[in-house]
Protein chains: 4
Amino acid sequence: MAVNPTQTRIRNAAIRLFAKKGFHGVGIRELAQAAKVSPASLYHYIGSKEELLADIMWESLERLLSAAMLATTDVADPREKLGRLVTLHVVAHAVQSKETAVVDNELRSLAPKLRKRVIDKRDAYEQLWAETIEQGAEAGLFRSDHDGLARRALLEMCSGVARWYSTKGEIKLDTLASEFTDIALRSLGTGEAPPQPDMDRCRTIVKYTWGTKV
Amino acid sequence: MAVNPTQTRIRNAAIRLFAKKGFHGVGIRELAQAAKVSPASLYHYIGSKEELLADIMWESLERLLSAAMLATTDVADPREKLGRLVTLHVVAHAVQSKETAVVDNELRSLAPKLRKRVIDKRDAYEQLWAETIEQGAEAGLFRSDHDGLARRALLEMCSGVARWYSTKGEIKLDTLASEFTDIALRSLGTGEAPPQPDMDRCRTIVKYTWGTKV
Amino acid sequence: MAVNPTQTRIRNAAIRLFAKKGFHGVGIRELAQAAKVSPASLYHYIGSKEELLADIMWESLERLLSAAMLATTDVADPREKLGRLVTLHVVAHAVQSKETAVVDNELRSLAPKLRKRVIDKRDAYEQLWAETIEQGAEAGLFRSDHDGLARRALLEMCSGVARWYSTKGEIKLDTLASEFTDIALRSLGTGEAPPQPDMDRCRTIVKYTWGTKV
Amino acid sequence: MAVNPTQTRIRNAAIRLFAKKGFHGVGIRELAQAAKVSPASLYHYIGSKEELLADIMWESLERLLSAAMLATTDVADPREKLGRLVTLHVVAHAVQSKETAVVDNELRSLAPKLRKRVIDKRDAYEQLWAETIEQGAEAGLFRSDHDGLARRALLEMCSGVARWYSTKGEIKLDTLASEFTDIALRSLGTGEAPPQPDMDRCRTIVKYTWGTKV
DNA sequence: AATGAATGAGGATTCATTCAT
DNA sequence: GATGAATGAATCCTCATTCAT
């Protein structure tokens with residue numbers, strides 16, 4: 001949404017700082033300085049510090065959700081669907097680690113009103129996972145996960161990527177994605193060797209959504 | 001170590017608030033009020049807000065580390081060792097979700113000097129996981145994990161428990177631990193059905209370390 | 001250098017209060033109130049209370065030094081030079097008694113970093129005295145003062161003016177200056193009647209430097 | 001007055017710290033620590049921080065006054081009297097530089113009530129100087145000093161010793177005293193070479209009053 | 001005599017935000 | 001669009017002092 005270069009600078013600075021120090025650990029002056037704007041000018045671009053946070057979070061989730069929907073629509077096999085969800089989630093947390101870390105950590109910094117909008121988005125996204133797992137269970141491909149334990153475990157595992165993965169390290173994105181997919185499918189699986197998801201399709205979507213090559 | 005009731009009240013209030021709002025999101029007045037002490041009195045018991053945080057984090061890790069060492073010493077089978085590590089980690093994050101969440105989220109709020117002490121502790125703990133996985137790989141029981149990808153994935157998955165698990169929910173601690181152990185062993189395993197760890201031993205250690213029945 | 005009226009008000013209030021109660025005896029709220037600014041607004045104009053002090057001290061010494069250099073450049077006779085130094089020093093401590101008292105008393109309130117800058121200035125100024133006395137000694141006009149005893153004695157005597165002299169009292173600035181010059185020259189002298197310095201020149205410089213008529 | 005060793009430790013610590021950092025620059029905890037007493041215990045020995053200051057100041061002046069009276073009683077020649085006053089004052093400020101610095105700088109830190117007692121003492125002491133100078137003037141030995149200018153100048157000069165003189169430096173106390181006496185007598189004198197005061201007598205009094213050899 | 005515990009008031013400084021220019 | 005100035009409320013922390021033990 002942010003087309004104005006100043007808005008972009010502000011948003012990027014905010015993402016970086018919020019991720020590094022946490023919402024409450026970043027002052028408006030620090031943010032303004034990082035965005036090369038005066039503190040007063042900042043308020044031409046943002047409603048408030050909190051709204052800025054909410055916007056960042058919402059948009060990050062929006063991208064993830066749209067990517068996930070794009071990847072799973074018209075896919076019949078739940079294993080393929082889940083594989084794609086995992087791949088996109090992992091890649092998102094690898095290449096957009098700052099945004100996703102903010103999403104994962106700063107919900108608590110939002111007042112109820114703003115929080116709801118973000119939570120709704122997040123729930124919509126997680127619903128995709130839940131449905132996929134349920135479909136797999138109904139199809140006898142996955143173990144059932146009534147209590148969501150497996151879903152939770154996998155989501156946390158995948159989200160954790162944002163905390164430790166570095167694009168500059170030795171592990172390639174490709175490897176990362178396929179390893180995680182593997183773990184996910186096996187932990188849900190019935191023992192049979194699961195198929196690998198269509199990586200080409202995922203690559204296209206990642207490129208389209210986050211502008212990054214995988 | 002905290003025997004004084006006031007100290008305990010302060011520590012508990014700090015854990016609860018830091019976990020809920022983040023270190024920078026909690027004011028000293030709020031903390032004092034929650035601990036039923038005047039802001040000035042607070043400083044008879046703590047060196048500074050930051051030291052309080054560091055103490056909480058260090059002690060939480062210390063408990064986890066000692067429990068983990070207790071559980072793995074003299075255990076030969078790497079699968080058994082890892083199963084116990086997972087079980088203890090998961091249980092710790094379930095019954096001490098506040099402390100562990102603080103440990104996981106607030107490292108960044110510590111200035112370098114205090115941070116080092118905590119990081120050293122954390123690294124010592126994670127080293128246990130690394131060694132265990134390495135032993136399993138050498139024994140041909142686990143897939144090798146040179147880059148630590150699997151270790152990271154599992155640790156994040158297990159730590160995530162603190163974020164979503166509720167002791168009041170439907171999932172029992174028992175189930176939680178065994179499910180996670182299962183996932184962990186299977187994601188590292190070579191396909192054979194892994195053994196379940198000695199739950200009785202783990203229960204004893206948990207009881208001893210955190211005073212909670214599993 | 002302070003052209004902004006608010007800056008001036010703050011500076012003047014600080015000088016008055018620091019002189020009256022000492023740096024540590026003045027609170028930021030008290031200072032703000034005296035300057036008719038809110039405590040928060042104060043910090044638009046100063047870096048910190050300590051920097052404000054350092055600025056005041058440095059500027060006061062800067063004025064004194066420039067006046068002294070102006071007065072002694074191209075003067076050959078050491079007696080004339082010393083007479084002018086004494087006159088300017090005494091007048092400065094009489095008409096700017098607050099600033100100079102702060103300079104004399106509050107060096108200890110400055111942290112090493114800020115202190116150095118002020119001390120360097122002060123040393124540069126006292127060097128003028130030392131050189132002048134040395135020149136006089138070499139010319140056989142003054143007793144030698146290897147150990148700086150006489151210089152110290154005279155400087156303390158002259159600086160003391162800030163502690164007791166009142167422009168509203170009976171003693172006129174004229175008298176004050178000539179009496180001190182007299183004492184100074186006689187305490188350094190070899191017994192011969194010393195000449196009085198060029199008061200007109202000194203008056204001009206005083207007017208120019210501190211804007212006060214003598 | 002202070003015979004109790006703890007009292008002495010407190011008093012000495014206070015003198016040292018007040019001299020170094022100023023009354024308001026020293027906290028009660030810092031003082032207690034320096035005196036090796038707990039902050040609470042401190043209050044068994046002092047009424048309040050301010051009373052402690054007042055006591056120190058008063059006692060320092062009391063010693064100086066008694067020494068001065070001892071030295072000038074039954075001395076007829078005003079030159080001799082003044083010489084002794086200067087000698088004692090200078091020596092006091094050299095060997096008791098901390099106390100005297102506190103006396104000179106911290107009057108402002110005393111509330112009116114406590115201040116009066118100290119000021120009265122100080123005035124009594126300065127009165128000795130005034131009387132002596134007046135006597136000398138009446139006897140035609142000194143220039144008259146109606147406005148007290150010379151007295152002020154000399155007192156400030158001599159008190160300044162506490163600010164720069166070090167007993168570990170090159171200048172000996174003997175030299176210091178005689179130089180200052182010389183300057184003082186000459187600046188009051190009518191040109192004739194003034195006599196030197198009875199140094200033996202002064203030495204005895206200094207030894208008796210401050211326990212220091214000159 | 002000694003001291004841990006306690007505190008209301010205040011220390012310096014920064015907070016997010018507004019507004020007139 | 002941009003920003004210097006402004007601020008009430010809050011930041012963490014220390015102050016001098018008291019008191020029960």
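Quick caveat: nothing in here was measured; it's all calculated off a predicted structure. Each chain gets a letter, A, B and so on, in the order the sequences are listed, and its residues count up from 1.
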K.L.:
Looking at B:Arg63 and B:Glu99, is there a salt bridge between them, counting it only when a charged N and a carboxylate O are closer than 4.0 Å?
P.N.:
no
K.L.:
Enumerate the residue pairs fulfilling side chain to side chain donor-acceptor pair (under 3.5 Å) with a member in residues 43-53 of chain B, sequence neighbours excluded, ordered by first and then second residue.
P.N.:
none
K.L.:
Taking CZ from D:Phe23 and C1' from E:dG11, how many angstroms apart are they, rounded to a whole number?
P.N.:
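About 16 Å, once rounded to whole Å.
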K.L.:
Where the side chain of A:Tyr43 is defined as all heavy atoms beyond and including C-beta, which of F:dT7, E:dA16, E:dA2 is the nearest nucleotide?
P.N.:
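Selected nucleotide (nearest to the side chain): E:dA16.
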K.L.:
Hey, does the side chain of B:Asn4 come within less than 4.0 Å of E:dG4's phosphate (OP1/OP2), counting only N and O?
P.N.:
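False: B:Asn4 side-chain N/O out of range (4.0 Å or more) of E:dG4 OP1/OP2.
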K.L.:
Between B:Ile10 (CD1) and E:dA5 (P), how many Å, whole number?
P.N.:
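Interatomic distance, CD1 of B:Ile10 to P of E:dA5: 10 Å.
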K.L.:
Just how far, in rounded Å, is P of F:dT14 from NZ of B:Lys49?
P.N.:
14 Å
K.L.:
Keeping B:Thr100 on the side-chain end and B:Gln96 on the backbone end, is there a donor-acceptor pair under 3.5 Å?
P.N.:
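Checking the backbone N and O of B:Gln96 against the side chain of B:Thr100, a donor-acceptor pair under 3.5 Å is found.
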K.L.:
Any chance CD of B:Gln33 has more than 12 other-residue heavy atoms, nucleotides or ligands included, within less than 6.0 Å?
P.N.:
no
K.L.:
Salt bridge (Lys or Arg N to Asp or Glu O under 4.0 Å) with C:Glu59: which of C:Arg11, C:Lys121, C:Arg117?
P.N.:
C:Arg11
K.L.:
Separation of C:Arg9 atom CZ from F:dA5 atom P, in whole Å?
P.N.:
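Rounding to the nearest Å, CZ of C:Arg9 and P of F:dA5 are 12 Å apart.
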K.L.:
To the nearest 0.5 Å, tell me how far A:Met57 CE sits from A:Arg122 CZ.
P.N.:
9.0 Å
K.L.:
Between B:Ile46 and C:Lys36, just flag the one whose closest nucleotide in DNA chain F comes earlier from the 5' side.
P.N.:
C:Lys36
K.L.:
Where the side chain of B:Ala40 is concerned, which of F:dC13, F:dC15, F:dA2 is the nearest nucleotide?
P.N.:
F:dC15
K.L.:
OH of C:Tyr45 versus C1' of E:dT13: gap in Å, rounded?
P.N.:
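Between C1' of E:dT13 and OH of C:Tyr45: 17 Å.
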K.L.:
For E:dA1, does the base pair up with any side-chain atom of D:His44 as donor and acceptor (N or O, under 3.5 Å, distance only)?
P.N.:
no
K.L.:
Starting from C1' on E:dC15, measure out to CD on A:Gln33 and report it in whole angstrom.
P.N.:
16 Å
K.L.:
Are OP1 or OP2 of E:dG11 and a side-chain N or O of C:Arg29 less than 4.0 angstrom apart?
P.N.:
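Yes, such a contact exists.
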K.L.:
Can you tell me how far P of F:dT17 sits from CG of D:Leu53, to the nearest Å?
P.N.:
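For the pair D:Leu53 CG and F:dT17 P, the rounded distance is 12 Å.
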K.L.:
Assign each of B:Leu42 and C:Gly47 to its nearest nucleotide of DNA chain E by heavy atoms, then name whichever residue's nucleotide is nearer the 5' end.
P.N.:
B:Leu42
K.L.:
Using a heavy-atom cut-off of under 4.0 Å over every strand shown, decide if D:Ser48 touches base, sugar-phosphate, or nothing.
P.N.:
sugar-phosphate
K.L.:
What nucleotide, of E:dT7, E:dT17, F:dA16, holds the atom closest to the side chain of B:Ser41?
P.N.:
E:dT7
K.L.:
When the distance from CG of C:Leu52 to C1' of E:dT13 is rounded to whole Å, what number comes out?
P.N.:
14 Å
K.L.:
Pairs counted only when both distances fall under 3.5 Å, Watson-Crick or G-U: show me the 5' to 3' dot-bracket for DNA chain F, [ ] for pseudoknotted crossings and | for other-strand partners.
P.N.:
.||||||||||||||||||||
K.L.:
Quick check for you: among F:dT17, F:dT3, E:dG11, whose closest atom lies nearest to any side-chain atom of D:Ile28?
P.N.:
F:dT17
K.L.:
Any sub-3.5 Å donor-acceptor pair from A:Ser97's side-chain atoms to A:His93's backbone N or O?
P.N.:
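Absent.
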K.L.:
Tell me whether C:Ser41 contacts the main-chain N or O of C:Val37 through its side chain, where contact means a donor paired with an acceptor under 3.5 Å.
P.N.:
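No; judged by distance alone, with no hydrogens or angles, the pair does not exist.
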